[in-house]
Each structure stands twice: as structure tokens, then as C-alpha cells.
Amino acid sequence: MHIRTFRAASLQDALEQIRHQMGPDASVLHTRQVRDGWMGWLGRTYVEVTAGLKDTGGLPVIESREERRQRETDSRVASHRGVAAPSVCGSVNATHEDSTGIPLQLQAYREELIHSGVGPTTAQRWIDATISFAASMGDASGRGTPWLEHLQRTVGRELRIGSPIRTQVGDRRVVALVGPTGVGKTTTVAKLAAGFRIEARRRVGLLTIDTFRIAAVQQLRAYAEIMDLPMEVVEKPEQMRPALDRLGDLDLVLIDTAGRSPRSDARIDQLVELLRSAQPDETHLVLSCASSATSIETALRGFAPVRPTAAILTKLDETSQTAAVISAVVASDHSEGVPLSYLTNGQQVPDDITTADAESLLSRLLPAKVMVPQLDAA
Ligand SMILES: Nc1nc2c(ncn2[C@@H]2O[C@H](COP(=O)(O)OP(=O)(O)O)[C@@H](O)[C@H]2O)c(=O)[nH]1
Ligand SMILES: [Mg+2]
């Protein structure tokens with residue numbers, strides 16, 4: 001097997017080099033983004049793609065002396081500038097397939113997805129679905145539309161976008177936020193409270209069952225005081241009904257909960273019991289995009305007994321890698337997925353919150369930022 005690593009300013013360019021120099025049967029083995037310069041500072045970002053070719057008795061493309069000279073000149077210029085220049089410019093759609101039948105370009109996207117935190121099974125499922133989707137659109141070769149657009153449409157159909165909280169004057173809605181410690185539950189409760197109170201002019205109340213840490217109650221109380229909102233503190237299930245009755249006259253009650261370790265069954269059971277006594281209309285699981293794929297999976301499993309009706313993704317501003325969290329909440333063969341309700345992108349109350357939308361999530365999830373085509377209504 002021949003294995004070679006190519007560097008270029010863009011994935012597209014690297015694929016062109018591979019296709020030209022190794023031929024259409026090459027498989028993408030690995031892609032990564034690299035930065036040169038000291039510790040990644042002051043350097044340029046480029047793409048490094050490793051490709052392999054099964055031994056078939058020599059490389060299929062024999063370089064002419066002229067091509068070789070050109071490539072060497074390109075490399076010298078590139079290394080001088082700190083960026084490997086593509087040796088070939090030309091068509092941008094690398095549609096060639098390897099022996100598995102997966103177009104080279106999609107293989108590279110699959111590697112990038114995995115690299116950015118999507119599980120290998122999910123990444124492969126998306127690629128397979130993209131090929132079927134393209135075929136169903138009469139574009140099996142991927143020549144009509146860029147593969148990235150097909151990929152976006154495919155993943156877009158799996159993303160579940162839930163509705164934001166709907167309130168109605170005189171019809172109290174009870175909404176609980178649950179999730180691991182530090183993901184931004186209390187801050188998000190404050191953002192929602194401010195939005196509904198100030199923008200929508202609803203009568204809003206707060207209730208906290210975050211009583212493990214005194215500071216946590218004080219944090220919410222400070223918001224309640226600034227916004228002049230009634231607030232109740234509940235420690236035991238039997239206190240829940242009377243507390244909710246005292247907030248009976250409102251349009252929206254937001255319940256903040258203690259951040260529990262999703263690994264602690266006892267604490268999750270306690271939370272389930274407290275929430276059962278509250279009977280919330282909606283329970284939003286708060287997940288931070290800055291968390292690792294493993295902690296997101298653990299949170300989803302750990303908080304399953306609470307039966308979340310939606311998920312809120314926080315800290316989008318802290319990372320560009322939302323792949324892990326998004327691939328964890330989309331529908332799959334063994335999960336129907338959790339609909340996304342809100343996205344938060346900063347610490348500012350009340351501004352840094354928006355309702356979830358597929359377009360902005362997809363542009364963060366998928367390998368390159370391109371215009372998202374009109375998504376089919378799921
Ligand atoms: N960068 C960023 N920080 C956030 C966001 N939401 C919350 N935080 C911060 O995350 C930290 C923990 O937030 P907190 O609401 O106390 O988390 P909780 O333990 O889940 O209630 C605080 O410093 C918040 O300001 C967000 O969207 N972006
Ligand atoms: Mg909190």
C-alpha cells in the first residue's frame with residue numbers, strides 16, 4: 001500500500017493533489033488541520049490529508065518531468081510562505097470513488113467529522129445517507145451539487161428542532177432546566193426569565209431546587225431581585241406543591257435545579273422525585289458545547305430518567321466544535337434524539353440566547369462554512 005501525506009490551503013486543494021498524484025482509487029485515511037509557527041501562533045492554518053492506495057503495481061499517474069518540476073517549485077514557494085500550495089488547480093468536485101464506492105470527497109468529510117468529535121458510526125451513517133440522498137435527487141455522481149450540500153441536507157433532516165417555550169397569559173407553564181454542574185443552567189434561567197418578563201411582558205416566577213450550595217441559591221436570588229421576580233426555594237418534594245401554589249398566578253415558572261453528576265444515581269433519583277412533585281410541562285436538558293463527547297453521552301444517559309423534552313446547547317461562543325454535542329442529540333437507529341430548543345452564546349444576561357435553528361447549527365457542525373441550501377421541513 002502506498003501512503004502519502006498532502007498539505008494544502010484547503011481540503012478541496014488537497015483532494016485535487018491526491019487525485020492527480022495517486023489517481024481515483026486512493027482512499028483518504030486521515031485529515032487534520034495544522035497550524036505552523038510557534039505553538040500554533042502567528043502561523044497559517046492548512047489541511048493535511050493522508051491518503052493510501054492499494055498495491056496495484058505502481059502509481060496510476062506517472063508524473064511528467066514538467067509536472068514534477070512544477071510541483072517542486074510549488075513546494076519550495078509554499079514552504080517559503082509556510083503554506084503548502086496545491087500543485088494542481090482545476091475542477092473542484094472530487095467525485096472519484098475508492099473500492100468501497102465512497103467518493104473521495106465524502107471520505108474526507110467523514111474523516112473531518114470524526115476528527116471534530118462525531119462518533120465513527122454516526123459519521124459513516126451520515127455519509128451513507130448522503131450517497132442515498134444524492135442518488136434520490138438524481139445526482140448519484142455528486143456532479144450536480146457539491147457533496148457538502150448533500151451532506152448538509154442529509155444531516156439537517158436528522159436534526160430535531162423543537163419549539164421554544166410558549167406562554168399564554170393566565171395559563172401557567174412550568175419549565176425545568178436540568179443538567180450537569182457548570183453548564184449554564186442558572187444563567188440560562190436568568191436569560192429566559194428576562195426575555196419573557198421584559199420582551200414578552202409575561203408574569204414570570206423562579207423556583208430553585210439547587211440547595212446543595214448556598215451560593216447557587218444566592219446567584220438565582222440576585223437575578224430575581226434585579227428583575228423583581230417572585231422566587232421560591234424547595235428542598236424536599238413535600239415543599240414543592242405549596243411553593244408552586246404560591247406562584248400560581250403567573251404565566252411562567254422557571255425551575256432551576258442543582259447540577260448533579262449524571263453518574264450519581266442517588267442524586268438523579270432525588271431530582272426525579274422532586275421534579276415528579278412539580279410535574280413540569282417541559283424539562284430542558286442543558287448541555288455545554290465545550291464539554292467532551294464522553295461527558296455529553298454520559299449526561300444524556302444519566303439524565304434520561306428525568307425524561308427531558310428538549311435540549312439547550314450552551315457556550316457556543318467557547319468552541320467552534322459543536323460536532324460532538326450535535327451528533328449526540330440527533331436521531332439515530334437506537335435513539336429518537338432530543339429536539340433542540342435554545343442556543344446560548346455568551347455570559348451576558350439576557351442577550352446571549354437564541355432559539356435553536358438548523359442552519360446555524362449545521363454551519364458549525366459540518367466541515368466548511370458554505371451557504372446552507374433551503375432545508376426540507378422535517
Ligand atoms: N461563555 C459562556 N459562558 C456561559 C454561558 N452560559 C453560562 N456561562 C457561564 O458558565 C458558568 C456556569 O454557569 P451557571 O449558570 O452557574 O451554571 P450551572 O451550574 O449549570 O447553573 C458561569 O460562569 C456562566 O457565566 C455561555 O453561553 N457562554
Ligand atoms: Mg446553577
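Start at 1 and go down the list; that is how both ligands and their atoms are numbered.
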Which pairs count as side-chain hydrogen bond (donor to acceptor under 3.5 Å, both in side chains) when at least one residue sits in residues 337-355, sequence neighbours excluded?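 side-chain hydrogen bond (donor to acceptor under 3.5 Å, both in side chains) check on residues 337-355 returns His284-Ser341.
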Which option, Glu318, Gln347, Gln219, owns the non-hydrogen atom nearest atom 9 (C) of ligand 1?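 Result: the heavy atom closest to atom 9 (C) of ligand 1 is in Gln347.
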Strictly under 2.8 Å, is any N, O or S atom of Gln219 next to the Mg ion (ligand 2)?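 So Gln219 does not bind the Mg ion (ligand 2) by this criterion.
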Checking contacts here: is it the side chain or the backbone of [X] that comes within 4.0 Å of ligand 1, counting heavy atoms only? Could be both or neither.
X	result
Asn345	backbone
Thr187	both
Lys185	both

Do Val286 and Val178 make a side-chain contact, defined as non-hydrogen atoms from C-beta onward lying under 4.5 Å apart?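 Side chain of Val286 against side chain of Val178, heavy atoms only: no contact under 4.5 Å found.
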Option among Asp256, Leu206, Val217 that satisfies the side-chain contact (heavy atoms from CB on, under 4.5 Å) test with Thr186: Asp256
Sub-4.0 Å heavy-atom contact, Asp352 with ligand 1: no
Nearest 0.5 angstrom please: Arg110 CZ to Leu151 CG, how far? 12.0 Å
When you compare ligand 1 with [X], is there at least one nitrogen or oxygen pair between them that comes in under 3.5 angstrom?
X	answer
Leu316	no
Thr344	yes
Thr188	no

State whether the number of non-hydrogen atoms from other residues, nucleotides or ligands found under 6.0 Å of Arg241 atom CZ is greater than 12.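 Correct, the count exceeds 12.
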May I ask you to check whether over 12 heavy atoms, not counting those of Gln168, lie within 6.0 Å of atom CD? no
I'd like to know if Arg19 and Glu16 make a salt bridge, using a cut-off of under 4.0 Å between side-chain N and carboxylate O. yes
